[in-house]
S.K.: 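One structure is given below, represented as structure tokens, and several questions about it will come after.
Both backbone and side-chain heavy atoms feed into the values below; hydrogens, waters and symmetry mates do not. What you see is a predicted model, and the numbers here were worked out from it, not measured in a lab.
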There are 2 protein chains.
Amino acid sequence: MGDESIGIGILGTAAIARKNIRAIKLARNGLEVVAVGSRSKEKAASYIKEVEGADGALAYGSYEEVLDEPSVQAVYIPLPTSMHLEWVQKAAAKGKHVLLEKPIAMSNEETELMVKACSEAGVQLMDGTMWMHNPRALHMRSVLDDARAVGRLRTVTSSFAFSGSEEFLKGDIRTAKDLDGLGCLGDMGWYCIRAILWAYGWDFPHTVQASPGCSFTASDVPLHISATLLFDGDRTAFFECGFDRAPVQYLEVAGTSGVLRVEDFVIPRSEKTAQFQVRDGAFLADRATRVSQAAEERTVYLDRPQETLMWETFGKCIRAIKAGTSPEEWWPKLAAITNRVVLAVEESARNECRPVKLV
Amino acid sequence: MGDESIGIGILGTAAIARKNIRAIKLARNGLEVVAVGSRSKEKAASYIKEVEGADGALAYGSYEEVLDEPSVQAVYIPLPTSMHLEWVQKAAAKGKHVLLEKPIAMSNEETELMVKACSEAGVQLMDGTMWMHNPRALHMRSVLDDARAVGRLRTVTSSFAFSGSEEFLKGDIRTAKDLDGLGCLGDMGWYCIRAILWAYGWDFPHTVQASPGCSFTASDVPLHISATLLFDGDRTAFFECGFDRAPVQYLEVAGTSGVLRVEDFVIPRSEKTAQFQVRDGAFLADRATRVSQAAEERTVYLDRPQETLMWETFGKCIRAIKAGTSPEEWWPKLAAITNRVVLAVEESARNECRPVKLV
């Protein structure tokens, strides 16, 4: 590890960590995976051998040892949600910055405790919502902020689903009540909710209400959830998520004068390019025999994966803290408000779709 | 008019009739517009002069005179919904077949009376849902019926909206409570609901529930409506319609193994071609760094407009009746069940989004 590198420790050997370890390796501001902890040292060692970008990392037989490793300045926590509070608190207590996988918490109290722990320890907390770091998001933002393009926003619609195998639905972490009790809502709906908040410029919904027809797995975690979010100014949003059907991952923002649509907003079809579509407000032409709405496809080119850009942003925050500034409060705040909406939708879905008011 | 032609009378000079008069002209089974009735004979005459396909038609200063015209065998009724019952009953009493614009009725009682009147008179009743007659619908049906393509259906989503001008929202028939009190729900949501019923093989929802955030115009007709429909077998549907934003008109059917999507299901971008997309069930590839789902664009070619194909179907029914068969019961039934769901959604939207059970 070079003098200027930031050492990252990985807690656990989750599948999603593989993508992130590779992403860290590709980062251009000196991040390096220096330790991997698992419940057995052997498992950690064989994981390091196998995973692209993990070479050279130290293998530890516990998460504690990773936190105690002096070269570790930040940790990546892809552990089940039920373990987040414990390990974020422990990491913060040891002065380690935290990149935490979503959903971040099973309750708003847990969120508060984690945010507080990191804030008091002066460490950065950030969640793993990678699509936000794709330059496409910035391009889409500029379209939404252009008064002539989409106009005044009216509705945001988002859907994210995939078809979980029988095995997945029975045994995966994401369907185990005591590990990740938010099921598809925490795993996929999280992204839709974040996208809705993003589209509406981080305004907060005053009411959320699950739609009828929500379903739960045999283990009682959300299997298919849809909900409406209401915002001031007659703005609405609807999202749908599920482990119960073929992949869909779209975001559509409809305004008074145009529509922005992206078909692969969470995980793009390619690491090198990302598309989105902007449609104008034209409707009927030639005596209503056809629709003349123009759809312009825009392409954004990437020279490194969106996950790498996320890690670079996280790295920048850490470097700024090392240079004397406070942790960036924006990232924990985004994580907290997203999780809060996730929990409110769950509350509605579990209570006969009653509206849940948010302040 | 040739001996074999079927004479069509037009009740009123609505804008939508222009498209249909042209469509009738293009029909290949001998349909002909022979009369146009308006509240003044002059208006009817100038309309005939101006509209493509209306040349040669007789101008009448009342709807009654059109029904009394011996060369008229069928009528097209694009009048406001509040006038449907009266004019369908009068047309049926005169033995005229009826092609009726949607929404067909302001109540289920009105629907029953219209269906009964036509049935008893032995005349065909059919609504103007033109997209169903686009050959694309048949192609899409064959995809949904292919067990390997989309698989078991789970969710149908549909949206149809356009941005109504201030003038439109204040003064158009479709926003006048006493003329077309169902607003965007009758005008646009009708198509979404029909598409949902179509996708689910004409199964009927057991429950419908409007989503919060529905809004109404100053004249108290639906301005923006969204709702969930629940079907047996854990199948759900969601639609959204409105006069309040840029044009959107999509239908998406998600199953366990694939997704069918069409972006312009009501009024295609071209009269000559119609596209839809079929996506497979593939999801993550290359260690979750990209999505590998394949999307196949399918194109259907048309040699005449979808409205013409609708009129040809209507004409075939009339010819069959003239040859001695009974009216086709399927078309009035489709119109009735679609209208019933429209009314149930309105009931829910006007009653704090309470679920409305349907038998």
S.K.: I need the residue from A:A254, A:A23, A:S211, A:G255 with the largest number of non-hydrogen atom pairs under 4.5 Å to chain B.
M.R.: A:G255
S.K.: Using non-hydrogen atoms only, which part of B:F283 is less than 4.5 Å away from chain A: side chain, backbone, both, or neither?
M.R.: both
S.K.: If you tally heavy-atom pairs under 4.5 Å against chain A, which of B:Q306, B:Q249, B:E252, B:E307 wins?
M.R.: B:E252
S.K.: Please flag which part of B:A295 lies under 4.5 Å from any non-hydrogen atom of chain A: side chain, backbone, both or neither.
M.R.: neither
S.K.: Is B:R22 close to chain A through its backbone or its side chain, or both, or neither, when contacts mean heavy atoms under 4.5 Å?
M.R.: side chain
S.K.: Rounded to the nearest 0.5 Å, what separates atom CZ in A:R290 from atom NZ in B:K19?
M.R.: 12.5 Å
S.K.: Check whether any side-chain N or O of A:R245 sits under 3.5 Å from a backbone N or O of B:T155 as a donor-acceptor pair, and report yes or no.
M.R.: no
S.K.: Testing the basics here: between B:Q293 and A:P247, what is the closest heavy-atom pair and its distance to 0.1 Å?
M.R.: NE2-O, 2.9 Å
S.K.: Where does A:D264 contact chain B at under 4.5 Å (heavy atoms): side chain, backbone, both or neither?
M.R.: neither
S.K.: Between B:R261, B:R235, B:Q209, who has the most heavy-atom pairs with chain A when the cutoff is under 4.5 Å?
M.R.: B:R261
S.K.: Heavy-atom pairs under 4.5 Å with chain B: which of A:L230, A:T157, A:L153, A:V150 has the most?
M.R.: A:L230
S.K.: Against chain A, label B:I16 side chain, backbone, both or neither, depending on which of its atoms sit under 4.5 Å from a heavy atom there.
M.R.: neither
S.K.: Would you mind checking which part of B:S270 comes under 4.5 Å of any heavy atom in chain A, side chain (CB onward), backbone (N, CA, C, O), both or neither?
M.R.: backbone
S.K.: Below 4.5 Å from any heavy atom of chain B, which atoms of A:F243 appear? Answer side chain, backbone, both or neither.
M.R.: neither
S.K.: What distance do B:E240 atom CD and A:R154 atom CZ have between them, rounded to the nearest 0.5 Å?
M.R.: 10.0 Å
S.K.: For B:D286, which atoms come within 4.5 Å of any heavy atom of chain A: side chain, backbone, both, or neither?
M.R.: neither
S.K.: So which part of A:L284 gets closer than 4.5 Å to some heavy atom of chain B, the side chain, the backbone, both or neither?
M.R.: side chain
S.K.: Does any heavy atom of chain A fall under 4.5 Å from the side chain of B:F238, the backbone, both, or neither of them?
M.R.: side chain
S.K.: For A:E297, does the CD atom have more than 12 heavy-atom neighbours from other residues, nucleotides or ligands under 6.0 Å away?
M.R.: yes
S.K.: Using non-hydrogen atoms and a 4.5 Å limit, figure out which bit of B:R152 sits close to chain A: side chain, backbone, both or neither.
M.R.: neither
S.K.: Pair A:T236, B:H224 - check side-chain contact (heavy atoms from CB on, under 4.5 Å), show working.
M.R.: CA-CA 10 Å; A:T236 63; B:H224 170 254; 3.7 Å; yes
S.K.: Is chain B contacted by the side chain of A:R18, its backbone, both, or neither, given a heavy-atom distance below 4.5 Å?
M.R.: neither
S.K.: With a 4.5 Å cut-off on heavy-atom pairs, point out which of A:T228, A:L229, A:T289 contacts chain B the most.
M.R.: A:T289
S.K.: Using non-hydrogen atoms and a 4.5 Å limit, figure out which bit of B:I267 sits close to chain A: side chain, backbone, both or neither.
M.R.: both
S.K.: Kindly give the heavy-atom pair with the smallest separation between A:S163 and B:T256, and that separation in Å.
M.R.: OG-O, 3.3 Å
S.K.: With the threshold set at 4.0 Å, does a side-chain nitrogen-carboxylate oxygen contact exist between B:E263 and A:R279?
M.R.: yes
S.K.: Please name the pair of heavy atoms, one in B:A246 and one in A:V259, separated by the smallest distance, quoted to 0.1 Å.
M.R.: CB-CG2, 3.9 Å
S.K.: Looking at B:G242, B:S215, B:A227, B:P212, which has the largest count of heavy-atom pairs under 4.5 Å with chain A?
M.R.: B:P212
